[in-house]
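Below is one structure, written out as structure tokens; the observations come after it.
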Amino acid sequence: MVNYNLNKSVVFVGLMGAGKSSVGKRLSEEINIPFVDSDDEIELAAGMTVMEIFEQFGESYFRSGEERVLKRLLSERPQVIATGGGAFMSKKIRTMINANGVSVWLSADFETLWERVQGKKTRPLLQVKNPQKTLKDLIIKRTPIYETADIILHSKKYGTHSSVVSKLIKLLILQGKLERKYG
């Protein structure tokens, strides 16, 4: 049996629909390290959904809560964390992740992202007149920041989570962030 020791939290960043939660859960299962989704933690703390927070209090209020939740999660033992799409845009959050984790950008092209998010009412930033344009604008605006992540992996339309996780495990081991222990 293979056991793993994670030195720092693995923090997934990227746009909505890239697969941060899905791949994060799969990685968590593979290396037997706890998984947490920061949006779930925000909802738990607020007692309302992300959509409700956006509707009632606005994006800046949500981002403030997101920062507090990520600060707490990054201060705990190493774990696998999926963040919301906008979290990494915050310089303060990027600094926290760089100090206490390894950032992994799951990159995906517009067609892949759109196929995964279209029509979903749980994506507050896409509840606009032209959600396709909004998504394209987010890709253009956020890509230069996402590119600063420690590890960049491409989430493909027909790719499997298993192949992404296998590649990520190899990269984490090579970078000394993950140790494989046998026995």
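Source: prediction; values computed, not measured. Along the sequence shown, residues carry numbers from 1.
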Before you tell me yes or no, could you show the steps for Ile145 and Arg94 under side chain to side chain contact (heavy atoms under 4.5 Å, CB included), namely the whole-Å CA-CA distance, both residues' side-chain angles and the distance that decides it to 0.1 Å?
CA-CA 9 Å; Ile145 303 294; Arg94 284 196 309 276; 3.4 Å; yes
To check you understand the geometry: which heavy-atom pair defines the closest contact between [X] and [Y], and what is its length?
X	Y	result
Ile53	Ala46	CD1-CB, 3.7 Å
Ser103	Ile97	CB-CG2, 3.8 Å
Asn7	Gly176	ND2-O, 2.6 Å
Val165	Leu27	CG2-N, 3.7 Å
Gln118	Glu115	NE2-CA, 3.9 Å

Can I get a per-line list of side-chain donor-acceptor pairs under 3.5 Å for residues 84-92, giving both atom names and the distance, sequence neighbours left out?
from	atom 1	to	atom 2	distance (Å)
Ser90	OG	Lys92	N	3.3
Ser90	OG	Ile93	N	3.1
Lys92	NZ	Glu67	OE2	3.2

Separation between [atom1] of [X] and [atom2] of [Y], rounded to the nearest 0.5 Å:
X	Y	atom1	atom2	value
Phe62	Gln56	CZ	CD	14.0 Å
Thr112	His154	OG1	NE2	12.0 Å
Leu135	Asn130	CG	CG	10.5 Å
Phe110	Gln132	CZ	CD	4.5 Å
Asp150	Asn98	CG	CG	6.0 Å
Leu178	Ile173	CG	CD1	5.0 Å

I want to check something: taking the side chain as every heavy atom from C-beta on, are [X] and [Y] in contact at a cut-off of under 4.5 Å?
X	Y	value
Gln79	Ser9	yes
Tyr4	Lys181	no
Ile169	Arg180	yes

Is any NZ, NE, NH1 or NH2 atom of the basic residue among Glu29 and Lys25 found under 4.0 Å from an Asp or Glu carboxylate oxygen of the other?
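Result for this pair is no, no salt bridge flagged.
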With salt bridge (charged side-chain N to carboxylate O under 4.0 Å, His left out) as the criterion, how do Glu30 and Arg26 come out once you've worked through the C-alpha distance, each side chain's angles and the decisive distance to 0.1 Å?
CA-CA 6 Å; Glu30 190 71 30; Arg26 181 66 59 92; over 6 Å; no
Short side-chain to backbone donor-acceptor contact, [X] and [Y], under 3.5 Å:
X	Y	result
Ser107	Leu153	no
Ser28	Gly24	no
Thr143	Ile140	no

May I ask you to check whether over 12 heavy atoms, not counting those of Tyr61, lie within 6.0 Å of atom OH?
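No, because the 6.0 Å sphere around OH of Tyr61 holds 12 heavy atoms or fewer from other groups.
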Does CD in Glu41 sit with more than 12 non-hydrogen atoms of other residues, nucleotides or ligands closer than 6.0 Å?
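Yes - once you tally the heavy atoms of other residues, nucleotides and ligands closer than 6.0 Å, there are more than 12.
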Between Ser64 and Arg68, a side-chain donor and acceptor under 3.5 Å
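Yes - a donor-acceptor pair under 3.5 Å links their side chains.
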Between side-chain atoms of residues 12-19 and protein atoms elsewhere (two or more places apart, or another chain), which donor-acceptor pairs fall under 3.5 Å?
none

Test side-chain contact (heavy atoms from CB on, under 4.5 Å) applied to Ile81 and Asp37, Val104, Val10, Leu74, the passing residue
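Result for side-chain contact (heavy atoms from CB on, under 4.5 Å) with Ile81: Leu74.
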